[in-house]
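Structure first, commentary second.
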Amino acid sequence: MNNDTTTPKPAAEWQLRSVYSTRLFALLAVGAVLLAISAHRSEVDKGLADSGRAIVAVVRGKPESSRVARGWLRFLSQAFPLVIASYEPIENPEEFNPDTLPAFAYRDTKYPIKDTMGDVVRYVDAVVKPIGYLTYVGGLLVQTIEIAIWGTILSVLISIPLAYFGAAGYTPNKFSYNVARAICNMNRAIPELIAALVFAVAYGQGAWAGILALGVHTSGFLGKFFADDIENAAKGPQEALASTGANKLKVLRYAVLPQVMPQFLAYGQYILERNVRSATVLGIVGAGGIGVELNERWKQFDYGHVSTILLAIFITVFILEQIAQRVRARLIGE
Amino acid sequence: MNNDTTTPKPAAEWQLRSVYSTRLFALLAVGAVLLAISAHRSEVDKGLADSGRAIVAVVRGKPESSRVARGWLRFLSQAFPLVIASYEPIENPEEFNPDTLPAFAYRDTKYPIKDTMGDVVRYVDAVVKPIGYLTYVGGLLVQTIEIAIWGTILSVLISIPLAYFGAAGYTPNKFSYNVARAICNMNRAIPELIAALVFAVAYGQGAWAGILALGVHTSGFLGKFFADDIENAAKGPQEALASTGANKLKVLRYAVLPQVMPQFLAYGQYILERNVRSATVLGIVGAGGIGVELNERWKQFDYGHVSTILLAIFITVFILEQIAQRVRARLIGE
Amino acid sequence: SDTESLPDGSAELPLRVMLVPADGGTEDGTRADFEPIFNGITQVYDLHFDIRVGSSYNAVVEAMANDQVDIAFFGAVSYQIAKQRANVELLAVEERDGKSEYFSGIYARADSGIDSLEDFAGKTVAFGDVSSTSSFSYPAAMLLEAGVNPAQDLKAVVLAGNHANALRALVSGNVDGACASLDSFKKAVDDGKLSEQELKLVQKSQPIPSPPLAMNGNLADKTKTQLKTAFREIHEHPDVELRSLKGYAGKNIDRYNPDFSEERFDLAMAPLDAVTKELKDAMIRRAAEGN
Amino acid sequence: MIRFKAARKRFADGTVAVDDLTLEIPAGQFCVFLGASGAGKSSVLKLVNGMVQPTSGRVEFDGIEVVPRTYREIRPRIAMVHQQFNLVLRSTILRNVLAGALPGTSTTAAMLSLFPAELQQKACRLLERVGLSEKHLYRRAAHLSGGQQQRVAIARAFILDPTLVLADEPVASLDPEISRGILQLLRDASRESGTTVMCSLHQPDLAREFADRIVGLARGKVIFDGLPDQLDEEMIGRIYAGARAARETAEDDGPVALGALTASEAV
Amino acid sequence: MIRFKAARKRFADGTVAVDDLTLEIPAGQFCVFLGASGAGKSSVLKLVNGMVQPTSGRVEFDGIEVVPRTYREIRPRIAMVHQQFNLVLRSTILRNVLAGALPGTSTTAAMLSLFPAELQQKACRLLERVGLSEKHLYRRAAHLSGGQQQRVAIARAFILDPTLVLADEPVASLDPEISRGILQLLRDASRESGTTVMCSLHQPDLAREFADRIVGLARGKVIFDGLPDQLDEEMIGRIYAGARAARETAEDDGPVALGALTASEAV
Ligand SMILES: Nc1ncnc2c1ncn2[C@@H]1O[C@H](COP(=O)(O)OP(=O)(O)OP(=O)(O)O)[C@@H](O)[C@H]1O
Ligand SMILES: Nc1ncnc2c1ncn2[C@@H]1O[C@H](COP(=O)(O)OP(=O)(O)OP(=O)(O)O)[C@@H](O)[C@H]1O
Ligand SMILES: [Mg+2]
Ligand SMILES: [Mg+2]
C-alpha cells in the first residue's frame, strides 16, 4: 500500500500537506467573483454605502444630514411612548353610569386623540382604563402562547419518528432515511401561511387550523435538527451500549439523549417562541392571538401600540429563554 | 459532611432514590389539568375529533362524507396540473414576425384563456413558451436566493460576536453575557416583517431593506444557537488547550469548532433556506423575489402556479440540504 | 347519514360567521362592531352565531366552498369570485341615507404636480391588495380608461397590501400615486395618520356597491329566509337596543338591505371588464420584479 | 467458545489491524492478550462483538457467526469493558451501570427509566465490589477520577451476568492493588461462573499472575500462544519489540521509533 | 519551582480531593506522585495550572500565585498530559499536536491555521519520538488506538518546550517498553533542559526507576515524600492501603472495598 518504505522514514522527510489546496483557492476565487456580481444586483453595495454615510453623519453629530439616520430617528421618536391605557369613547353621555365603571377606570371628558407626531387632533369624552391596553395585549398573548404550545406539542410528536428514521445509524435502511429526510424538507418548504389557509379550508377557520399549520411546518425543522444532532453525538457511549445488545431505542435513550438533551431543549424552546411570533398565521385563520392586532396596528401607523406588543413578545421570549437556560444548566450540570 | 459513617456501608444498605419525585408528579398533574383546559380553549379536542372522523371516512372509502377529507381532495384536485408554460397574447398579428421567436416558443392561434374555475373563457392568438413560467419562477428564485445568501452572510457576521459574548466560559463577564443574550432575544422577537418595513423607511424600498431585516432577525437565532452549542461542547479538549495558555479565541477555533462545526453548518443552511422562504418579506419592501408571486398567485386562486412555486422552493431546500449533508459527512467523517 | 349536516342556527349548530377586518380595523374592533347586531338577532330570532375574525378573503371563499363558513363579508369583486367558486348568495348590503355605495380614488402628493391620471405615466403607483375592489380593480380600470396601462406604462407597480400601506408609501415618498377608498383616506385623516393637506385626490371613481354580506347557498332554505328576515327587520325591532348599527369598516349605517339586487353588482362590474386576469398577472409580475 | 478463522481487519486508510488471525478460546478460559501499543489488541476484542467487522475471514461466538444479523442474539451475552471507558459522562454512576442491563429490560420500562429494585441493588453490589461507595451512586460520571470511571465501566460490564467478558485494558488507570482486585474479580467470574474472559493487558506480570492462557500479538499477528509460565522474558521482549523486527517487510506501524525515543535529541 | 501552601480542594459535593497540601518542588526535578485511585493525584497536578482551583491555601509557580489573573503568564510555560488525553477527536494528529503551540502563535495565524514550517517539523519529530509515523500525521485522532492517542497527547505537551510538564499517568495505556521510552523522554527533558516534571503513576516500579523524588498520596494527604530508594514495599503497601486505614476517621472514599473485591461473592 502507498509508498511506505520498509525502513521508517525519519521525521525530517515526512511529507507535510499545505492547509489550503489550489482547488480551494479556485473555489474561493469563483465564489468571490459571483458574490461581487450579486452584491451589485442585490444592492448590497448601495446599502453599505448608505449605512456608512449614516454612521459618518451620526459620528459627526449631524444625524439629520443622512436620510437613513433620519428615518431611524423618525421611527424611534414615534415608537414611544408605549401605549398602556385603553379608552372607549362614550357615545351617549346622557346614558353614562359611573357606577358600572370597572376598577381603576375613569371618565375623561377631554381625552386627547393624538396623531403619530404626538400632536392632539381632537378631544373625545371617553372611559379610560389605565392599563387596559396592556391587559388586552396580555390576554391575546396568553391565547397565542396556548396555541403555540399546542403547535409545539404537535410538532414534537411528528418530529420524533422523523428524527428516528432520519438519523443514519438508527434508521432501518437507506430508503426510510431518504423518506424521513424528504418529509422534513417538504414540511419546511411549505410556508406555514399557506398550510394554515389549506387547513382552514379543510377544518374550518379556527385555532386548530393554526395549530396544525404550526405543527406541520415546524416538525420539518425539529425532525431535521433532532436527526442531525443524533448523528453528530459522540460515538463512544453509543457503541458501548450497542455492544451490550441494547436495541436502538434504548441506545438513543441512554447514550444519545443525555448528550443532546440540552440542544433538543433549545430547539423546542425556539419552536415555541417562533410559534408565538408566527401568531400572524393564527390570526389569518381566525384563531385569534396577538398576530392580527400587531398587523393591523402596524398598518394603522399606531407605533406606540406596536412597541407595546413587541415589548410584550420580547418579554415572552425572554421568559422562555430564562426557563430553558435553567433547565439546560441542570442538564449540562457543570 | 452529611451522614457518612466511619465504617463503609454495605451495598445492601445504600439508599436508592426514586426516579420520579412527588414534586415531579405534582407538576405533571398540574400541567395535565392546564393542558386539558387549554385543549378545549384552543379547539384541540374538536380538531382531533374532526381528524378522527376524516380518517374513519377515508378508511371506509367514503372521503366525500367528511368535510375535512373533502377539503383536502378539493385542494389536491386543484393543485395540479402544475403550470409550466407561459404565453403572451399577440396584439398585432400583422406585425408578428416568427423569426424573432425565442427557442422552443411557438405561436398558438387558439390559446385558451381559462378563468379561475378552469373553464375556457375565450381563445387568443398568443406566443407560447413551453417552459416560460418555470423559467420565470426560476429567475425569481435566483433573485431570492441571492438576497437570502446576503441575509445569511449578514446574519453570520452579526451572530459571531453575539455567540462569543453569549457563551458562558468565553464571555468576559456576566454583564456582557446578559447583553449578548438579550440582543439575541430582541433580534428574534422583532418580526422580520416589521424590521423590513422599518428598514424600508430608513433605506428606501429595495433589496437592502430586506437583506437587513433577514440578517438582523436571524442573527438572533444564530447567535443563540451558536452560543448554546459552544457551551454544550465537550469540555475535555477545551480544558486541554486552555491549560496550555491559549487564549479563548484559539481554544474556540481548535477545541470547540471541530466539535460544533456540523451543527453550525446545519444552522447556517437552515437560515439560508428559511430566508428563501421568508422571501415574502422581501416582496413587501419591493425587493422582488418569489414571495410576491407566491402570495399574489395564492390570492388569485391560481393553485397550479402555487404548486409550481412550492415545488421550486422544495427543490431549492432539497439541494441546500444535499450540499450541507455532504459537507457534514466530511466534517463528521465516520 | 354519514355526511356532517350544515348549521341551522340552533344553539348546538350555530352559523359560522367569518369577518375580515376592513382596512383600519383591528380584530377586537371588528368584533365589537358586529357583535351587537348578531347578538340582537340571536335574542330576537333565536338564531345563533359563532363569530370569528380572520384576515384572508381567499380562505373565506374556499372555506365557504367547503361548507366551513356560512356568513361572510366580501368586497364587490371578491363577491363575484366567490360566486364563481362557491355557492354563495347575497344576504344583505349596508345602507345609509338610502344609498349603498362608496368610492375609490387615486391620490398623489399635493406638491407633486400630478393633476390628472395621464400624469401617472412613467410614475410609480401603489395599489392595495389584488383582490381589493377599491384599492386595485377600480383604480386599475380608471388608469386604463385614461390611457395609462398600469402593467406597461408605469415606472413600477407596488402592491402595498392594503389601502393604508399604499397611502403611507405615498406620504413617505416611495411612490408617486396611491390607490385607496375615500373612506380609508378619511379614516386615516380622522385618526391623525395623515394630514389632509399633504395629499390630493387626483381622480374619484364612480360609485361602487357597498361590500355585501353573503351566505352559503347550501344552507337550508328555511335558515336563509330566517336570516334575510332578521337582517331586514332588526334595526327597527323594539326589543333590541342597537344604539348604532355598524357596517363594513365600522362606519355607522342606517340599516341592512337584504333585497339589494344582484344585477346591480353585475352592473358595477362592467367597468372592470378591462381588468382581465392577464392584466392582473402582468401587474403582479411588474410588482414582483421590484423597482 | 470463540473461534477466529483467518480473520483480518483492514481499516479504510489501509492499516491492517488484525492479520489472518486463527484462534480458538474455549468457554470459561481467562485469556490475556499482550502486545505493543497498536498491535491490534482492541481490534481483536472488538471483532468478537462485531464492533469491528472483519474485512475477511470469520469470527464465531458459541458457534454463531458474528455478523450484523446475529448481533441481537449474541451481544446480550457479551459484555465489554472499553479501553476509553465510554461512559455517558452526563449520566449518574448508577444509571451508567444500569445502562449495561438494557438488553434485559423491557423497552417501555427502559424508556421510563424504571429498573427493577433487584437490578439496582445488584448495581450497588457491583459498585461496592469495584471499590466505589454509596456517595458515588448519583454523581455524574464526568465528576469521577480516571480510575473511578474505569471501575464504573467494569461494574457495567458485569450487571447482566455475561458469558463472555471482553476486557480492554481494564486496569490501565488503576493502582496495583485495585488492579489485582479487578483481575481477581475477572478470574473468579471465569472460575466460579464459567465466564469466558478475553482481556488485553499491558502488564506481563499481571498477565502471568492471573491468566489461564496468554496470546502475544504483534502487528495483528499471533506471535505467542501458551500457558502463563511458558511466557519467558525473551518472549516478552519479542512481543514488545516484535513490531520493530516485523517492520522490515511490512507497511504498518507499531512501536517504531523506540530507538529514537531513547536518543537524547533535545525537545 | 512549584510551591503548595496548605492547598485544599473540596468539590461541590463535599469530596475533599486535596487536603492541606504543603509541598515544594524545585526546578528541574522529576517528581512522581503515587497514590490509589481517587487519592487526588490528578487534582494535585491540576492545581498547578489552575484547572482545579484551591478552595483554600495557595499554589505558586515560579513565585507567581496560580490564580485566574496570572494564567496568561504561567500557562504557556506549563504543559500537561491529561489522564483522558483530551484530544480533539475530529482533528488530525498533526493538528492536535500543533494545537499545543497555540499560545506561541499569533491569533491571526492561528485562525487561518497557518503554522510555521519549523513548528510543523518539530511536531513531526515529536511524533517520531513517541513512536508514531508519517502515516498517522493526517489521521483523525478518533481513529487511533488508545496508546497511540496517549502518545499524541505527550507529543502535544512538548511542542512548546515547557519549563514544567504535568504528566497525569502518561503511560497508563502504553506497553512496558514504550512506557520506559516515554519516561526516559521525561527524564531527559528534566536532566538536559532543566524541565520540571510532575508525573502521576500507577506503577511503583517505574516510579522508582525514573523519579528523582516520590510523593505518596492517600486521600489527598502526603503520606510519603522521599527518594526513590526510600520507598520500600511496606510504604508502597501503606500508600495503596492507606486509604483503608485512614477511612476509620474520615468521610471520603478511596479504595474502600478491596476486601470485598477479593470476596468470592458470585457476580
Ligand atoms: N468534579 C468533581 N466533583 C466531585 N468530586 C470529584 C470531582 N473530580 C474528582 N473528584 C473526586 O476527587 C477525588 C480525587 O480525584 P482525582 O482525580 O484527583 O484522583 P486520582 O488520584 O487522579 O485518581 P485516579 O488514579 O483514579 O485518576 C476522587 O475521590 C474523585 O471522586
Ligand atoms: N478507525 C481506524 N482507522 C484506521 N486505523 C485504525 C483505526 N482504529 C485503529 N486503527 C489502527 O489499527 C491498529 C490497531 O489498533 P488497536 O486499537 O487494535 O491497537 P491496540 O493493540 O489496542 O493498541 P493500544 O494498546 O494502543 O490500545 C493501530 O495501528 C491503529 O492505528
Ligand atoms: Mg487498544
Ligand atoms: Mg487521576
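These numbers come from the heavy atoms of this one structure, side chains and all, not from hydrogens, waters or symmetry mates. In what follows, chains carry the letters A, B, and so on, assigned in the order in which the sequence lines appear, proteins first and then strands, with residues in each chain numbered from 1. Since this is a predicted model, take the numbers as computed values, not measurements.
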Of the backbone (N, CA, C, O) and the side chain (C-beta and beyond), which part of A:Gln269 lies under 4.5 Å from a heavy atom of chain B, both, or neither? side chain
Using a distance-only test with no angle check, is there a side-chain donor-acceptor pair under 3.5 angstrom linking A:Asn232 and B:Gln263? yes
Any residue meeting side chain to side chain donor-acceptor pair (under 3.5 Å) with A:Gln259, in chain and number order, not counting sequence neighbours: none
Of all of B:Cys184, B:Ala39, B:Pro191, B:Ala182, which one pairs up most often with chain A through heavy atoms under 4.5 Å apart? B:Ala39
Distance check, rounded to the nearest 0.5 Å: A:Met186 atom CE versus B:Phe318 atom CZ? 13.0 Å
Per-residue tally against chain B (heavy atom, under 4.5 Å) across A:Leu35, A:Leu193, A:Val276 peaks at A:Leu35
Quick check against the 3.5 Å criterion: does A:Arg328 have a side-chain atom that pairs as donor or acceptor with the backbone of B:Asp228? yes
Can you classify the ring geometry of B:Tyr267 versus A:Tyr267 as parallel (below 30°), tilted (30 to 60°) or perpendicular (above 60°)? perpendicular
So, the part of B:Ala69 with a heavy atom under 4.5 Å from chain A: the answer is neither
List the steps, then state whether side chain to side chain contact (heavy atoms under 4.5 Å, CB included) holds for A:Asn185 with B:Leu320. CA-CA 10 Å; A:Asn185 288 349; B:Leu320 288 179; over 6 Å; no
Choice from B:Leu73, B:Leu331, B:Asp229 maximising heavy atom contacts with chain A below 4.5 Å: B:Asp229
Winner by heavy-atom pair count (cut-off under 4.5 Å) against chain B, out of A:Ile211, A:Leu197, A:Ile315: A:Leu197
dist A:Glu273:CD -> B:Phe221:CZ (nearest 0.5 Å) comes out at 10.0 Å
Looking only at B:Val317, B:Val44, B:Leu154, the option with the highest number of non-hydrogen pairs under 4.5 Å against chain A is B:Val44
To the nearest 0.5 Å, atom CD of B:Gln325 lies from atom NZ of A:Lys224 at 5.5 Å
Would you name the heavy atoms of A:Ser38 and B:Glu146 that are closest together and state the gap between them? OG-OE1, 2.8 Å
Please round to the nearest 0.5 Å and tell me the distance separating atom CH2 of B:Trp208 and atom NZ of A:Lys46. 10.0 Å
Atom pair CD1/CZ of A:Ile190 and B:Phe314 - distance to nearest 0.5 Å: 9.0 Å
Taking B:Arg277 for its side chain and A:Arg188 for its backbone only, find out whether a donor-acceptor pair lies under 3.5 Å. yes
Which residue out of B:Ala234, B:Gly71, B:Ala202, B:Ala209 racks up the most heavy-atom pairs below 4.5 Å with chain A? B:Ala202
Measure A:Ala54 against the heavy atoms of chain B and call it side chain, backbone, both or neither at under 4.5 Å. neither
Which heavy atom in B:Ala207 sits nearest to a heavy atom in A:Ser42, and how many Å separate them? CB-O, 3.2 Å
Checking A:Val306 against chain B: side chain, backbone, both or neither under 4.5 Å from a heavy atom? side chain
Below 4.5 Å from any heavy atom of chain B, which atoms of A:Leu48 appear? Answer side chain, backbone, both or neither. both
Supply the atom-to-atom distance B:Ser51 OG to A:Leu212 CG, rounded to the nearest 0.5 angstrom. 6.0 Å
Answer with side chain, backbone, both or neither: which region of B:Glu43 has an atom nearer than 4.5 Å to a non-hydrogen atom of chain A? both
So, for B:Trp298 and A:Ile194, which heavy atoms are closest and what is the spacing to 0.1 Å? CZ3-CG2, 3.9 Å
Counting heavy-atom pairs under 4.5 Å with chain B, which one of A:Ile313, A:Val198, A:Val201, A:Leu310 comes out on top? A:Val198
Toward chain B, the part of A:Leu294 with a non-hydrogen atom under 4.5 Å: side chain
